[in-house]
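Data block below; observations after.
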There are 2 protein chains.
Amino acid sequence: MNTIEKYDYRPNQVARGLINHKTRLIGIVTPKVSNAFHAELISQIEAEADRAHYNVIISNILGNFENEKKTFRIMKDRQVDGIILLHENTPDEMRELEEIVDFPIVLASVRVKDSLLPTVAIDDERAAFEAARYLCQLGHVRIAGVFSDSYSTGTLRRKGFLEGLQSWGIDRNSISLYTTECSFGGGIAVATEIKNQKNLPTAVFFASDEMAIGAINYFQDHGIRVPEDISVFSFDDIELSGFVRPRLSTIHQPIQDIGRKATDLLIKLIDEKPLSQREFLLPHQVIVRDSCANPRD
Amino acid sequence: MNTIEKYDYRPNQVARGLINHKTRLIGIVTPKVSNAFHAELISQIEAEADRAHYNVIISNILGNFENEKKTFRIMKDRQVDGIILLHENTPDEMRELEEIVDFPIVLASVRVKDSLLPTVAIDDERAAFEAARYLCQLGHVRIAGVFSDSYSTGTLRRKGFLEGLQSWGIDRNSISLYTTECSFGGGIAVATEIKNQKNLPTAVFFASDEMAIGAINYFQDHGIRVPEDISVFSFDDIELSGFVRPRLSTIHQPIQDIGRKATDLLIKLIDEKPLSQREFLLPHQVIVRDSCANPRD
DNA sequence: CTGAAAGCGCTTACAG
DNA sequence: CTGAAAGCGCTTACAG
């Protein structure tokens, strides 16, 4: 012990990894690290992993499934102890990925249809339902919804949104639906389409804050005021949403809790401890700020 | 070879790391992964590292030097091949960090006074000089500057800013200087101070976009219009700066090029290749958008 | 209880 | 040119 102190001996983690078959490395697989929502999540995961003496390897897969498979193979070669996946796949794709690795995978902030993988997320359907009801409450009738083509930010939120409107008795014909990417650019693209509609909706629900910010930008550029001419409600509550103008009314996702819980769950699985449940749906919140108003007509 | 194919054999990277004394792992050390500027930089570094078959370990140091030293020790234990540091330190602190590790370190987007470390950044002083001159050109005379307490975003940009104003003949007494953190919160804190000044400046230069966005938010909340009542010029040109209202006039940092170049440089050092120069100052750009106008008086 | 040996999965240097 | 041995830096199981 004295000698250890004296020479400041520190064991070589690579050698330990080889003998223990544990690297204390967690892989985070994400479509794009620089996405604001993911960056916050990654930051949180790193902090929680650090507490448990794990380190974190990140990887951008840039929306390409071949890339994602390659990444899983690399993580396997590197002998990471587990993966936190921030990306959705079809059930078939998911099965392909699971076959590549022999360590646990946890889904964070996303859900995969029919998957048996441990998941930490929110109730997307319920949250979108509440968002839709909020818009109805304000008096909106001609409403648009903008979603992605994936499961959580697409199917699930669209379903909840539609059910919310229906439960208020909104006519399906006065609802228009759009599909695009969860990015500033995606929002702009849809805003362009919406503007060219004959009959402008009085409110638009976006499945992500970044979409909403892009769209609001476009609306403002073209003389459409938010919320005076059009109300905007979105989803995620990234830090930024309180700093743009108008401040976004949005669904708050507990990013910190999701990151922390997903990390804890993965570590439990690595330690082969039993899980009390497979799916953790953390509480969301409807945040009312300045991007919604009553319709003018 | 046939057998390799047949059983899809893939060498264990941990074992290879042990024998080769190379892990093909790069450590990124950053104050906060979720900072927009850093997130874009990290994303870029990961992409470039991937191209060279390296993986990337990230670490939040959260502005604590003890934490940073601990991180360097962990990176050493993990036998990473090199570190890209996105954080500034005093020369003394930097020396302490250098002593911990035995592999190359590259500074990206920051500079350390008197350091001999390979660095990829922009000419902060020159860029701030140009920003100051731009404000003068618009006719501003009562000008405030907001900086951090570190070297690149503090000392260097402050120096260039002051020289720019001086070169235009602005009276030192009409310039007020502030120090805060490069975050939304830092910007809000300074905006509060500025608002309480007897004689409001007609233009404010912020050393980061995030500061500026926070401050603009505060100004707007308190009936101070940007740019009508006060012009705001900032620094970084994160993706967001084109999506807030008003769009930010700012100094463009070539984030992609910085990330790519820093990675290439580090890999060269890992391979013990010679560097053509120690410091690479990439070209910046003055981006004129909507947050600056002529002063009203 | 202490100390030497075996082994994790590779690569490299060397013997045949 | 091929194949067996040594060794990277640890940990674990076992002999003394």
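Throughout, a chain's letter reflects where its sequence line sits, starting with A, and its residues are numbered from 1. This one's a predicted model, so the numbers in the text were calculated from it and none came from an experiment.
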Legend entry - Positions of residues 18-26 of chain A (non-hydrogen atom under 4.0 Å from DNA chain C), listed by number: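 A/L18, A/I19, A/H21 - these, ordered by number, are the residues of the stretch whose heavy atoms sit under 4.0 Å from the strand.
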
Legend entry - Pairing partner of C/dG16 (Watson-Crick or G-U wobble, both distances under 3.5 Å):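 For C/dG16, the partner nucleotide comes out as D/dC1, under the 3.5 Å rule.
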
Legend entry - Side-chain touch A/L41/A/I28, heavy atoms, less than 4.5 angstrom: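 A/L41 vs A/I28: side chains apart.
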
Inset, instruction - State, with a plain yes or no, whether a side-chain heavy atom of A/I57 is found less than 4.5 Å away from one of B/L25. - result: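 Answer yes - side chains close enough.
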
May I have the distance from [X] (atom [atom1]) to [N] (atom [atom2]), rounded to whole angstrom?
X	N	atom1	atom2	value
A/Q79	C/dG9	CD	P	8 Å
A/R10	D/dG9	CZ	C1'	16 Å
A/R78	C/dC10	CZ	C1'	15 Å
B/N12	D/dG9	CG	P	17 Å

Legend entry - Short side-chain to backbone donor-acceptor contact, A/D209 and A/F235, under 3.5 Å: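 A pair under 3.5 Å: yes.
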
Legend entry - Side-chain donor/acceptor of B/T153 to backbone N/O of B/S148, under 3.5 Å: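 Not at all, since once roles are kept as given, no pair shorter than 3.5 Å links the two residues.
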
Legend entry - Any side-chain donor near an acceptor of the partner, A/S43 and B/N60, under 3.5 Å: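 Yes, a side-chain donor-acceptor pair sits under 3.5 Å.
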
Legend entry - Residue-phosphate contact under 4.0 Å: B/R16 side-chain N/O, C/dT11 OP1/OP2: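 Indeed, a polar side-chain atom of B/R16 lies that close.
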
Inset, instruction - Would you name the heavy atoms of A/H38 and A/T30 that are closest together and state the gap between them? - result: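 Of all heavy-atom pairs spanning A/H38 and A/T30, the closest is ND1-OG1, 3.2 Å.
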
